[in-house]
Amino acid sequence: MACGFRRSIASQLSRVLDLPPENLIKSISAIPLSIKEDVADFRLSVDSLLENNSDLSRPDIQDQAKRLAEKLKCDAVVSEISAGPRTVNFKINRELLTKAVLQQVIKDGSKYGLKSELFSGLPQRRIVVDFSSPNVAKKFHVGHLRSTIIGNFIANLKEALGHQVTRINYLGDWGMQFGLLGTGFQLFGYEEKLQSNPLQHLFEVYVQVNKEAADDKNIAKLAHEFFQRLELGDTQALSLWQRFRDLSVVEYIRIYKRLGIYFDEYSGESFYREKSQEVLKLLDSKGLLQKTTKGTAVVDLSGKGDPSSLCTVMRSDGTSLYATRDLAAAIDRMEKYNFDTMIYVTDKGQRKHFQQVFQMLKMMGYDWVERCQHVPFGVVQGMKTRRGEVTFLEDVLNEIQLRMLQNMASIKTSKKLEDPQQTAERIGLAALIIQDFRGLLLSDYQFSWDRVFQSRGDTGVFLQYTHARLHSLEETFGCGYLNEYNTACLQEPQSVSILQHLLRFDEVIYRTYQDLQPRHIVSYLLTLSHLASVAHKTLQIKDSPPEVAGARLQLFKAVRSVLVNGMKLLGITPVCRM
Ligand code: ARG
């Protein structure tokens, strides 16, 4: 991609520098519009060239760039070559640029940006992404929401680039909370409520039993016994637990569907009850397990008895902990999927947890721990719905839908929609995702519904609006000018800017692929939408000669196609009307 321009520049450079073109491609980049001082389209960074090719000698860089620029010649592709500070700049033949970019976008369609020389030779990998992972009967907090959309984005990106991705939801479906829940349900649970709204009812029971247990020691004792029965495999206790879990999973699946998200596996901590015991034995056999005077068992991560680096892996009653179960889960997934990379997506509060788990795996001799990666994200403050604090994912979705429906009703230009509910939800989700993905994942931020839904400015609403407008443009004029177009007609600065921007899409994906930060794609798409909105105002279709109108329509079509590609990677479903 980049329409072969990068490759063509590289091949000329390769002759001058006597280096294989593959070594040069990644040092050549499309120049972002924001920093374009002149009209060059690509630049070769001399620094990156030297970095990537250690055998190149390194006299004065500025001098190098100038000398290099002098040795290169314009050809059918490159119409101007100039030297900048530490760069050589290339301007592409204008007519070729227009034609090639449009053709490439049309030809590659949903693969535009992915089928790029930047990704050529990228080996296909097996990738596991562990994300969302809420805790049954507990709150689905904003952290889970972030994990859900970030994990989905990472999985989408990896999949789009041809990797084989397994999406795992690792439910918090085990632990003392089920002792309480089992006991609570026997005391104040209702079968009908469990059937009709399991997540809500289990949460209510959980809250109530917690309250009671605080005053009534007996309840705490019963809960403890219930959990022990679960741990020992008591069939009656297990069957109640199984029902809680099954009913909850059905609900989760329904709600994730509203988000457009699915999982290949609903796993969970409960799967590792027995395997955790094996892990403890294994740790013991490797001499890594230490019993404490309290009867618990710990692993000394420093190996030097430093009390701050002890990680507890067994309670005094022999039961496992979160960390123990993660050890068992990692080992099991390696056996099952033989992954090349495993990514865990949780808030940064769990950094230490994953460091400890990875360290223990290493001490156990599992070299593949190098393939495990924790992607941490920051804390979001102040997300509240009309029902108060967010308790369920569904609350957030309902709130989004409601607010967006109200917004739509207040805008006079809103179209009559077939399914306003669904449209409102899709726009609202786009808004939420863009707000969340705008900054560094690790940054904390203050949540604001007003900011999320601003229709002007850099929001998901604006992206959806741009998409809908472009779509309606195609509907209005599409049939008239389908094949009749002359790309030579696209020489206005607005068109050229769009084309130059389209040229960069693969680099933006490449960068995102390297650091897993969605903000590169977000800002790219926002710029694209701004460019489209300027062009929409100035580049008339209606009263233009057919070949001009046709070419403009093609350009807008290309914009929409790339917008769709980017939005889908982020987990947004574009709407055609709003
Ligand atoms: N259920 C956990 C929580 O809510 C997140 C699980 C993340 N995944 C993992 N393998 N530990 O905090």
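For ligands, and for the atoms within them, numbers begin at 1 and follow the listed sequence.
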**Prompt:** Can the ring centres of Phe244 and Phe185 be said to be less than 6.0 Å apart?
**Reply:** yes
Output a table of donor-acceptor pairs, distance under 3.5 Å, between side-chain atoms of residues 258-265 and any protein atom two or more places apart or on a different chain; print 'none' if there are none.
{"residue": "Arg258", "atom": "NE", "partner": "Glu425", "partner atom": "OE1", "Å": "3.1"}
{"residue": "Arg258", "atom": "NE", "partner": "Glu425", "partner atom": "OE2", "Å": "3.2"}
{"residue": "Arg258", "atom": "NH1", "partner": "Glu394", "partner atom": "OE2", "Å": "3.1"}
{"residue": "Arg258", "atom": "NH1", "partner": "Asn398", "partner atom": "OD1", "Å": "3.0"}
{"residue": "Arg258", "atom": "NH2", "partner": "Asn398", "partner atom": "OD1", "Å": "3.0"}
{"residue": "Arg258", "atom": "NH2", "partner": "Glu425", "partner atom": "OE1", "Å": "2.6"}
{"residue": "Tyr262", "atom": "OH", "partner": "Arg167", "partner atom": "NE", "Å": "3.3"}
{"residue": "Asp264", "atom": "OD2", "partner": "Arg167", "partner atom": "N", "Å": "2.7"}
{"residue": "Glu265", "atom": "OE1", "partner": "Lys336", "partner atom": "NZ", "Å": "3.1"}
{"residue": "Glu265", "atom": "OE1", "partner": "Tyr337", "partner atom": "OH", "Å": "2.0"}

**Request:** Determine, using ring centers only, whether Tyr272 and Trp174 are less than 6.0 Å apart.
**Result:** no
**Message:** With a 4.0 Å cut-off on N to O distance, would you call Glu251 and Arg254 a salt bridge?
**Reply:** yes
**Request:** List, ordered by chain and residue number, the protein residues whose closest non-hydrogen atom lies under 4.0 Å from any atom of ligand 1.
**Result:** Asp130, Ser133, Asn135, His144, Tyr170, Tyr322, Asp326, Tyr344, Thr346, Gln350, Phe354
**Asked** Using the benzene-type ring in the case of Trp, are the ring centres of Tyr524 and Phe505 under 6.0 Å apart?
**Response** yes
**Asked** Quick one: is the NZ or CZ of Lys384 closer than 6.0 Å to the six-membered ring centre of Phe447, and within 45° of its axis?
**Response** no
